[in-house]
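The block underneath contains the structure these notes are about, expressed in structure tokens.
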Amino acid sequence: MADKQDEKKITPRSEDFAGWYNDIVLRAELADYSPVRGCIVFRPDGFAIWEALRDELDRRIKKTGARNAYFPVFIPQSFLKKEAQHVEGFAPEVAVVTHGGGKELEEPLIVRPTSETIINHMFAQWIHSHRDLPLMVNQWCNVVRWEMRTRIFLRTAEFLWQEGHTAHATRDEAERETLTMLEVYRNFAEEFLAIPIAAGRKSAAERFPGAEETYTIESLMGDGRALQCGTSHFLGQNFARAFEIRFLDENNQMVHPWQTSWGVSTRLLGAIIMTHGDDQGLRLPPAVASTQAVIVPIWRKADDRDAVLKAARAALSALEKADIRARLDEREGVTPGFKYNDWEMRGVPLRIEIGPRDVASGEAVMARRDIAGAAGKSKASLEGIAGHAKSLLAEIQKNLLLQARAAMTANTHQVDSYARLQEQMSGEGGGGFADIYWCGRAECETKIREETRATCRAIPLNQSLVAGKCVVCGEPASERALFAKAY
Ligand SMILES: [Zn+2]
């Protein structure tokens with residue numbers, strides 16, 4: 001039997017990270033390019049990952065008290081202009097609809113790049129009294145930003161996301177909500193996606209247009225570049241003023257509410273690939289894998305076929321009964337070796353091999369995707385296979401986070417001189433996180449960006465106040481910040 005695998009090997013990660021990434025996306029059938037430049041097609045295997053993470057995050061968001069709603073994709077162009085920083089930030093990348101039904105529109109419509117404007121327009125009509133607060137809505141939708149340089153999942157003209165928008169009676173309550181969501185995102189990324197997070201505040205230059213403060217969850221990808229995985233914004237009263245949202249407070253005064261917005265997007269699919277993938281392909285955390293365990297039956301002689309398949313089908317049914325998302329690879333005409341490689345490439349966390357000798361001894365071989373080679377293999381009795389698989393999947397979920405965290409820690413360096421920072425960020429790839437004292441001034445941040453291409457990714461919260469000196473200017477700095485080259 002000819003092994004077709006060799007002619008389709010994916011580019012090794014260490015050789016060409018971008019080539020490797022594209023190979024995985026296409027070969028694992030997660031997504032494809034579309035005829036519209038900058039837009040992608042989510043294929044079922046990719047969309048299933050999105051659905052799994054969406055469902056779980058949706059549950060967690062609802063637990064905080066927000067409820068789902070849906071607002072239109074079209075927004076009157078004039079709305080964007082109401083908040084000065086917001087228009088400056090988004091105007092260059094909005095798509096504008098000028099014609100509908102064969103006629104020129106009286107007012108052009110923009111395709112939402114984010115929904116602050118239209119949601120706040122509605123909030124102004126719904127919020128009248130302190131009894132209407134807090135108002136907390138979330139929407140799952142697509143947004144469009146006309147990106148010039150696109151990359152599947154990471155930067156596309158159209159992407160999917162959730163955007164939460166809340167209004168509160170007091171500044172304090174809104175600030176707490178911003179941090180609550182930051183923590184929801186951090187937990188979700190670590191527990192569900194096995195992606196280790198550095199959380200913190202953004203610098204003024206990296207803030208969301210129109211926000212008073214932006215908080216972020218950042219992670220480090222396999223090539224040492226940082227990826228922003230989600231953001232939570234404290235909007236102050238900026239949008240409430242722009243959209244004239246007022247309510248009668250407990251002292252009978254008309255005042256503006258305090259607001260937040262927060263979101264994560266399909267970019268997280270890119271984060272999963274780049275955090276966990278290896279030279280063999282994708283490695284999916286069991287929580288998001290649409291196939292958590294695949295059974296590969298092995299036989300050479302026709303006589304063995306029936307007994308092996310019978311045992312494999314019994315194992316499949318046991319796994320399914322235990323709510324494990326499992327499948328049996330009954331394909332004929334390809335070798336077991338081909339199947340192993342194929343499922344490894346697709347990132348299935350657990351492979352179960354059943355051959356004639358296993359059937360005879362009442363056992364199966366369990367091969368973990370997170371640990372390569374013999375070290376990742378163990379035997380399980382066919383009788384207790386579901387329980388065994390379940391505990392292995394839980395271990396794999398935890399281990400992927402541990403592996404990723406170890407990689408992030410190894411790639412985070414406390415740097416105390418500008419020369420060392422330059423050295424760390426030299427070269428074509430990423431340089432990991434540089435953990436530096438920074439005085440907080442824009443000049444020093446700009447110098448770093450222009451000379452090393454690293455940007456301020458996050459200023460960690462609750463730092464102990466041991467003051468130091470800015471690595472750029474030598475002036476006193478009260479905080480450390482994480483800088484990195486980023487996607
Ligand atoms: Zn400085």
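Whatever order the structure lists them in is the order used to number ligands and atoms, beginning at 1.
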Taking the six-membered ring for Trp, are H233 and Y215 closer than 6.0 Å centroid to centroid?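 Ring centres of Y215 and H233 not closer than 6.0 Å.
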Looking at E213 and R207, is any side-chain nitrogen of the basic one under 4.0 Å from a carboxylate oxygen of the acidic one?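 Yes, charged N to carboxylate O under 4.0 Å.
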Sidechain-backbone polar pair: T170 side chain, E173 backbone, donor-acceptor under 3.5 Å: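 Such a contact is found between T170 side chain and E173 backbone.
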Donor-acceptor check, side chain of Q397 to backbone of E191, threshold 3.5 angstrom: yes or no?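 It does hold such a pair.
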Check whether the side chains of T178 and R176 place a donor and an acceptor atom closer than 3.5 Å, and report yes or no.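 Side chains of T178 and R176: no pair found under 3.5 Å.
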So which protein N/O/S atoms does the Zn ion (ligand 1) have within less than 2.8 Å?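 For the Zn ion (ligand 1), the protein N, O and S atoms that sit under 2.8 Å away are C439 SG, C444 SG, C470 SG, C473 SG.
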Exactly one of T214, T216, I217, I197 should register a side chain to side chain contact (heavy atoms under 4.5 Å, CB included) with L182. Which one does?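 That would be I217.
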